Each structure stands twice: as structure tokens, then as C-alpha cells.
> 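Please find one structure pasted underneath; my questions will follow.
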Amino acid sequence: MTLEFTLDDIQEVAKKIILSNPEKVILFHGAMGVGKTTLIKALTRALGSKDTPSSPTFSLVNEYELAPAHYVYHFDVYRLKSEEEALDMGIDEYLYSGHWCFIEWAEKIPHLLPDTYSTLTLSQLEDGSRRLILS
């Protein structure tokens with residue numbers, strides 16, 4: 001799926017992603033500042049969380065409740081220096097929990113990823129809108 005959108009359309013785009021995405025683990029790719037975290041916030045809201053999403057840059061993972069015993073785990077592993085650091089924080093337990101896992105900078109942990117996941121690539125267009133490719 002390929003979509004072009006502006007920030008005004010982001011909630012509709014988030015709903016389309018949720019409805020068309022078969023995997024609960026989604027890897028987010030794109031340049032710094034392209035809007036990965038902003039899209040993850042919209043996805044978390046589209047899934048029904050009442051929490052206020054924020055960037056997990058310093059905490060590495062943020063947890064948002066969807067309903068009792070249902071969660072979104074939002075990872076930003078940009079600061080990790082090794083996959084061992086991710087294992088030390090228990091990332092494997094999150095990834096195989098059956099809950100939604102949104103991972104920014106997943107290229108830092110290639111050997112820890114589950115066998116099945118979706119990849120979402122964001123890029124900014126000349127007019128300031130974004131292009132999203134979900135595969």
C-alpha cells in the first residue's frame with residue numbers, strides 16, 4: 001500500500017493502516033524528523049488508546065493501554081549500541097507478546113526481529129506532504 005498524505009489526513013491514514021495491516025509488529029523507516037513518531041501517535045489513537053503517546057527516545061519503550069490486557073509498545077532503539085542492550089531490556093518478550101509493537105530504527109536490531117512483521121517507510125515530498133509505503 002502506498003499513500004500520500006498531510007498532517008490534516010493523518011488520523012484517516014492511521015485507520016487505513018490498522019485495517020489493512022496483517023501484522024502487529026511494524027517497523028518504521030525514514031529520515032530523522034520525517035514524522036515516524038507523529039504517525040505512531042495517530043496509530044495509537046486509532047487503536048483506541050486514551051493514553052497520550054510520546055517519543056520513547058530516552059526510555060527506549062513506551063507502553064500504551066488499549067483495553068484491559070491489550071497494549072501498544074512503541075520502541076525507539078536509535079540510541080542502542082548493540083542488540084545485547086535490546087535483549088537486556090527484554091525486547092524479545094515484547095515482540096512475542098501478541099500485542100502491537102511499533103519500532104523506530106529497527107535496523108539496529110535485525111537479528112532480534114520476529115519472522116513476520118510489516119515495514120512502513122515514510123518520506124517527505126517537496127510540497128511538505130508525506131509518502132507512506134506499507135509492505
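Since the model is a prediction, treat every value here as computed from it, not as a measurement.
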> Determine whether a donor-acceptor pair (N or O, by modelled atom type, separation under 3.5 Å) exists between the side chain of K36 and the backbone of A31.
yes
> Is there side-chain contact between S135 and S118, with at least one heavy-atom pair below 4.5 Å?
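Not touching, per the 4.5 Å side-chain cut-off.
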> So do I40 and W100 actually touch side chain to side chain, heavy atoms under 4.5 Å?
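No, side chains not in contact.
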> Hydrophobic cluster membership, with links at side-chain heavy-atom distances under 4.5 Å among I/L/V/M/F/W/Y: are I133 and L27 in one?
no
> Please determine whether residues L80 and Y78 belong to a single hydrophobic cluster, defined as Ile, Leu, Val, Met, Phe, Trp and Tyr linked transitively by side-chain heavy-atom distances below 4.5 Å.
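Both belong to a single hydrophobic cluster.
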> For the rings on Y71 and Y94, is their centre-to-centre separation under 6.0 Å?
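Not close enough - the centres of the two rings lie 6.0 Å or further apart.
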> Same cluster or not: F75 versus M32, using hydrophobic residues (I, L, V, M, F, W, Y) connected whenever any side-chain heavy atoms lie under 4.5 Å apart?
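Same cluster: F75 reaches M32 through Ile, Leu, Val, Met, Phe, Trp or Tyr contacts under 4.5 Å.
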> Step by step, work out the side-chain contact (heavy atoms from CB on, under 4.5 Å) result for I17 and M1.
CA-CA 9 Å; I17 292 168; M1 170 172 64; 4.1 Å; yes
> Mind checking whether T38 and L7 have side chains closer than 4.5 Å, heavy atoms only?
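Yes, close enough: below the 4.5 Å cut-off.
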> Using side-chain heavy atoms (C-beta onward) and a distance below 4.5 Å, is H74 in contact with T37?
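Heavy-atom side-chain distance check passes, below 4.5 Å.
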> Go through the steps for L132 and T2 under the test side-chain contact (heavy atoms from CB on, under 4.5 Å), then give the verdict.
CA-CA 6 Å; L132 171 153; T2 301; over 6 Å; no
> Please find the pair of heavy atoms, one from L95 and one from L112, that lie closest to each other, and give the distance.
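Here L95 and L112 meet closest at CD1-O, 3.5 Å.
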> Counting the benzene-type ring for Trp, do F102 and F28 have ring centres under 6.0 Å apart?
yes
> When you check the side-chain N and O atoms of E23 and T116, is any donor under 3.5 Å from an acceptor?
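Yes, side-chain donor-acceptor contact under 3.5 Å.
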> Please report the shortest heavy-atom distance between A46 and I18, naming the atom on each side.
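So the minimum-distance heavy-atom pair works out to CB-CG1, 4.4 Å.
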> Rounded to the nearest 0.5 Å, what's the gap from CZ on R131 to CG on L3? Could you check?
10.5 Å
> Find the distance between CD (E84) and CD1 (I109) and round it off to the nearest 0.5 Å.
13.5 Å
> For residues L43 and A14, report the shortest heavy-atom separation together with the two atoms involved.
CD2-O, 3.5 Å
> If you apply the rule side-chain contact (heavy atoms from CB on, under 4.5 Å), what do you find for I103 with I26, and how did you get there?
CA-CA 6 Å; I103 308 170; I26 304 176; over 6 Å; no
> For residues E85 and M89, determine if any side-chain heavy atom of one lies less than 4.5 Å from a side-chain heavy atom of the other.
no
> Establish whether Y96 and Y117 are linked, either directly or via other cluster members, by ILVMFWY side-chain heavy-atom contacts under 4.5 Å.
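Shared cluster, yes.
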> Which one of I10, V34, T44 satisfies the side chain to side chain contact (heavy atoms under 4.5 Å, CB included) criterion with L39?
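Between L39 and the candidates, side chain to side chain contact (heavy atoms under 4.5 Å, CB included) is satisfied uniquely by I10.
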> Please check this pair: side chain of R130 against backbone of G128, looking for a donor-acceptor N/O pair closer than 3.5 Å.
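Between the backbone of G128 and the side chain of R130 there is a qualifying donor-acceptor contact (under 3.5 Å).
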> Rounded at 0.5 Å granularity, tell me how far NZ in K15 sits from CG in D9.
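Answer rounded to 0.5 Å: 12.0 Å.
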> How far apart are the closest heavy atoms of V77 and W105, and which atoms are they?
CG2-O, 3.1 Å
> Going through the distances and angles, do R45 and Q11 end up as a side-chain contact (heavy atoms from CB on, under 4.5 Å)?
CA-CA 8 Å; R45 286 190 296 272; Q11 276 310 130; 3.2 Å; yes
> Answer whether the closest heavy-atom distance between the side chains of Y73 and S97 falls below 4.5 Å.
yes
> Looking only at the side chains, is there a donor atom on one of H29 and E104 sitting less than 3.5 Å from an acceptor on the other?
no
> Of the non-hydrogen atoms in K108 and P110, which two are nearest, and what is the gap between them?
C-CD, 3.3 Å
> So does E65 get a backbone contact from the side chain of S49, meaning a donor-acceptor N/O pair under 3.5 Å?
yes
